[in-house]
Amino acid sequence: MVSTSPNTRYTISAAQKRTGLTGRQIRYYESQGLLTPERTQGNQRRFSDSDILQLLRIKELMEKNLDIQTVKQLLLENPESESGDRSGPSAFPRTGENIQDVLGHRLSSLYPVSNRVELLSLLDSIVVKKAQE
DNA sequence: TTTCTAACA
DNA sequence: TGTTAGGA
């Protein structure tokens with residue numbers, strides 16, 4: 001059985017714990033079009049694992065001292081997942097405790113290798129570019 | 001109690 | 001970004 005597909009939905013408080021971001025930041029990023037979590041009938045946000053990953057990427061990028069617009073550009077240029085279907089769940093650690101631990105250290109490891117290389121390379125060129133200006 | 005939007009500091 | 005008001 002392949003029952004380990006993470007179709008979990010998280011409340012904003014859960015998203016805060018999983019990403020280390022504040023609810024304020026998460027809402028702000030959404031308002032800027034960086035992600036679009038689902039909504040319940042009561043209009044409350046419901047974050048999928050893809051959303052959590054997206055938030056993690058935003059966080060990483062923001063920590064590079066990039067402005068929100070640049071981060072948005074990078075994410076738009078790097079369409080990842082968000083298809084609602086994952087073919088290789090083995091690429092992601094799914095133990096709650098384990099993921100928390102990983103996040104505390106190197107969440108880069110959460111990204112598929114191909115994307116990580118691409119992302120890092122993109123980040124590098126941008127950081128260098130900004131440094132030259 | 002939790003989350004939401006809007007708006008001000 | 002923090003924080004508060006006022007409502008669902």
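Convention: sequence-line order gives letters A, B, ...; per-chain numbering from 1.
How far CD of A/Glu63 is from CG of A/Asn65: 9.0 Å, rounded to the nearest 0.5 Å. Within the model, atoms OG1 of A/Thr8 and CG of A/Asp49 stand 5.0 Å from one another, a figure rounded to the nearest 0.5 Å. Here A/Arg9 contributes atom CZ and A/Ser48 contributes atom OG; the two are 5.0 Å apart, rounded to the nearest 0.5 Å. Between the CG atom of A/Leu55 and the CG atom of A/Leu34 there is a distance of 9.0 Å, given to the nearest 0.5 Å. A/Ser31 OG to A/Ile68 CD1: the interatomic distance, rounded to the nearest 0.5 Å, is 8.0 Å.
Listed by chain and number, the residues in a side chain to side chain donor-acceptor pair (under 3.5 Å) with A/Gln32 amount to none (sequence neighbours excluded).
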N/O-N/O pairs, protein side and nucleotides 2-5 of chain C side, under 3.5 Å:
residue	atom	partner	partner atom	Å
C/dG2	OP2	A/Thr22	OG1	3.3
C/dG2	N7	A/Arg24	NE	2.9
C/dG2	O6	A/Arg24	NH2	2.7
C/dT3	O4	A/Arg24	NE	2.7

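With 3.5 Å as the limit, one finds no donor-acceptor pair spanning the side chains of A/Tyr10 and A/Asp51.
Within the structure, salt bridge (charged side-chain N to carboxylate O under 4.0 Å, His left out) contacts touching residues 25-34 of chain A (residues at least two apart or in different chains) are A/Glu30-A/Arg39, A/Glu30-A/Arg45.
Nearest approach of A/Arg18 to A/Ile52, heavy atoms of both residues: CB-CG2, 4.2 Å. For A/Tyr29 against A/Leu35, the heavy-atom pair with the smallest separation is C-CD1, 3.8 Å.
The backbone N or O of A/Thr19 lies less than 3.5 Å from a partner atom in the side chain of A/Lys59, making a donor-acceptor pair.
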For DNA chain C, what string of dots and brackets results from 5' to 3' when Watson-Crick and G-U pairs need both distances under 3.5 Å, crossing pairs get [ ], and pairs with another strand get |?
||||||.|

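The outermost nucleotides of DNA chain B lying under 4.0 Å from heavy atoms of chain A, listed 5' to 3', are B/dT2 to B/dA7.
The stretch residues 38-47 of chain A has no heavy atom under 4.0 angstrom from DNA chain C at all.
A heavy-atom distance below 4.5 Å is found between the side chains of A/Leu61 and A/Leu75.
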